[in-house]
Amino acid sequence: MSSILVIDDHDTMRDGVAQTLMRQGHAVATAKSGEEGVAAFNKSRFDCVITDLRMSGMDGVAVVKALRAKDPDAVVLVMTAFGTVETAVSAMREGAYDFIEKPIKPDLLKASVERALELTRLKRETVLLRARNEALEADAAGKTGGSLEILGQSEPMQKLNAAIARVAQTDATVLIHGESGTGKELVARAIHENSPRKDKPFIAVHCAALAETLLESELFGHEKGAFTGAIRRKLGRFELADGGTLFLDEVGEIPLSMQAKLLRVLQQKEIQRVGGEETVVVDVRLISATHRNLKAEVAKGSFREDLFYRLHIVPLELPALRERPGDITVLAQHFADKHGPRIRRGGLKFSPAALEVLGRHPWPGNVRELENAVEQALVFAEGDEIQVAELPAFLQGAKPATAAAPASGLAVPEGPIDLNQVLEDLERQLIARAFEKAKGVKTETARLLGIKTSALYYKLQKYGFIAADEPQSGSGGT
């Protein structure tokens, strides 16, 4: 559950946005004016702030400026119905993350807030990693003072961190490849934060989450009247990232027609908004990521070869967690330290037996799955150490039931049980084992489980094996 502050001097709008967010499981506080919102922010820590642009007294631009002065890492969304594009852009220049157009559509609000909350999470993790690096700086021969590394002590991660440090000092285009949950966006942010562009915007676009028509408008922007619903000019992500870094996540999902337009931008360093004739020159460092084998997609004809070579200037491969088991202990403790204070379970360590159990699991959902498991263990931990019995059931070595096993073979514990939780844990364990056996191929996983691929996607997302916005694709790994 995340904490969100909504600032709007219009009662109906403010309460409507708050109710929508609360139905999505967030803790929401509200403020009736910019001044009241800034005062609330100064007293409490919020994961995200949403403010109207046009308000009596302190307007949205002033609110953004005040919040960012208090906390440079504050993530602020602005709502606008009356402000011009220039007003919204001025708010973003003061540090706003994004703007939402009124009338507010719940689905678009949810998507914008989820992206903002992910940014908050990554920023906080970056702070923790930077502090860790600074503490080790005296012993880290050859490292410069401001370096940011991705957590991990294994040889693959040492090589990755060294590659990040080298590539960050250049403007070379980078293609990051790795399974879902390995931290591709975190690597992209690390490159940006260590680059000469670190004081300019880092803009992320999740290509798989947008339809082709929306993706074009999102990347290049559009002019007023370009299509139904285009009631004003909108700047695209390339323009908003000018001078900084643009991160295209799941670039392998971009349709062929859009690939040609993206290639032109990379070649010409200029864009045209949808419905416009004006050419806009942009200075953007491009980093892209995919879980697909793009060479294979080129061979199949679903990805342009010329675009592949434009993106593939510097390839970075992120190892799956199962390929670096030595990092599991470090990561598990990092996530315990990260989430413990939030749920009032700070300072907990893992027992040796619990660490051994964590080290044996293949983690098909990679670092994201490990983080989810640690957070769940924190909730149920009772002592000063997290024990094996307090880990999620799918990690505790229980053998899954099979069709041939009689009902009498299941041991029923004494006392009350949560049947739904037991069944969910069993389902998760079966899916994890099938996913591992199928080597991450989703169609084969679905076949082994005897369910439809669409049902498998729902369950993989439900249990955190893949991202919630990952598109359905039958043959790829996560």
Side-chain angles (χ1 to χ4, degrees), residues 1-7 16-30 45-51 64 67 73-80 88 92 95-126 180-186 188-189 201-211 214-215 217-219 234 237 240-241 246-251 253 289 291 335 338-339 342 365-369 371-372 375 457-472 478:
M1 180 175 67
S2 301
S3 58
I4 301 174
L5 173 64
V6 179
I7 308 171
V17 171
Q19 289 295 327
T20 299
L21 295 173
M22 285 190 287
R23 283 195 294 269
Q24 294 167 5
H26 301 297
V28 182
T30 61
R45 186 181 187 185
F46 295 93
D47 298 313
C48 174
V49 178
I50 303 174
T51 180
V64 173
L67 298 187
D73 289 326
V75 177
V76 188
L77 296 170
V78 294
M79 301 181 292
T80 178
M92 297 191 75
Y97 171 65
D98 203 351
F99 60 92
I100 310 169
E101 296 184 25
K102 295 180 180 179
I104 303 295
K105 297 181 179 179
D107 288 344
L108 295 180
L109 174 64
K110 179 181 179 182
S112 295
V113 168
E114 286 178 349
R115 289 194 297 268
L117 292 174
E118 177 66 6
L119 175 59
T120 298
R121 185 186 70 79
L122 289 168
K123 280 189 172 185
R124 289 176 181 171
E125 189 162 2
T126 296
S180 180
T182 50
K184 297 186 285 293
E185 184 166 347
L186 186 60
R189 289 185 183 277
F202 177 93
I203 304 293
V205 180
H206 298 276
C207 302
L210 297 168
L214 292 177
L215 180 60
S217 173
E218 192 74 15
L219 289 177
K234 176 184 177 181
R237 297 298 180 175
L240 295 174
L246 180 66
F247 174 58
L248 300 182
D249 195 12
E250 294 303 347
V251 70
E253 310 303 323
H291 73 279
F335 292 134
K338 170 186 171 183
H339 293 294
R342 179 173 56 82
N366 290 295
V367 178
R368 184 187 295 120
E369 184 189 10
E371 182 172 11
N372 290 344
E375 190 170 3
Y457 264 87
Y458 167 77
K459 295 178 185 297
L460 290 175
Q461 291 169 345
K462 174 182 177 182
Y463 294 121
F465 294 134
I466 64 174
D469 58 358
E470 182 168 323
Q472 293 196 16
T478 59

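The figures here come from the full heavy-atom set of this structure, side chains too, leaving out hydrogens, waters and symmetry mates.
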From CA spacing to verdict: side-chain contact (heavy atoms from CB on, under 4.5 Å), Ile50, Leu21 = CA-CA 11 Å; Ile50 303 174; Leu21 295 173; 3.8 Å; yes
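- No side-chain heavy atom of Tyr97 sits under 4.5 Å from any side-chain heavy atom of Met92.
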Residue pair Arg342, Glu375: steps toward the side-chain contact (heavy atoms from CB on, under 4.5 Å) verdict = CA-CA 10 Å; Arg342 179 173 56 82; Glu375 190 170 3; 2.3 Å; yes
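- Considering only heavy atoms from C-beta on, Ile100 stays 4.5 Å or farther from Val78 through its side chain.
- Between the side chain of Ser3 and the backbone N or O of Asp47 there is at least one donor-acceptor pair closer than 3.5 Å.
- Between atom CG of residue Leu109 and atom CG of residue Leu77 there is a gap of 8.0 Å, rounded to the nearest 0.5 Å.
- Heavy-atom minimum distance, Leu215 versus Cys207: CD1-CA, 4.3 Å.
- Side-chain atoms of Lys105 and Lys110, non-hydrogen and from C-beta on, never get closer than 4.5 Å to each other.
- Counting heavy atoms from C-beta outward, Phe99 and Met79 have side chains that stay 4.5 Å or more apart.
- From Lys184, atom NZ reaches atom CZ of Phe247 across 7.5 Å, with rounding to the nearest 0.5 Å.
- With a 4.5 Å cut-off on side-chain heavy atoms, Pro201 and Leu240 do not count as touching.
- A distance of 10.5 Å separates OG in Ser180 from CD in Glu369, rounded to the nearest 0.5 Å.
- Here the side chains of Leu248 and Leu219 are in contact, with some heavy-atom distance below 4.5 Å.
- Considering only heavy atoms from C-beta on, Val367 stays 4.5 Å or farther from Thr182 through its side chain.
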request  = List the steps and the verdict of side-chain contact (heavy atoms from CB on, under 4.5 Å) for Val113 and Ile4.
outcome  = CA-CA 9 Å; Val113 168; Ile4 301 174; 3.7 Å; yes
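- One side chain, His291 or Glu250, offers a donor N or O that lies under 3.5 Å from an acceptor on the other.
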message = Working note: Lys102 + Ile104, criterion side-chain contact (heavy atoms from CB on, under 4.5 Å); need CA distance, chi angles, decisive distance, verdict.
response = CA-CA 5 Å; Lys102 295 180 180 179; Ile104 303 295; 4.0 Å; yes
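- Ion pairing between Glu185 and Arg121 fails under the 4.0 Å rule for side-chain N and carboxylate O.
- To the nearest 0.5 Å, atom CZ of residue Phe46 and atom NE2 of residue His26 are 14.0 Å apart.
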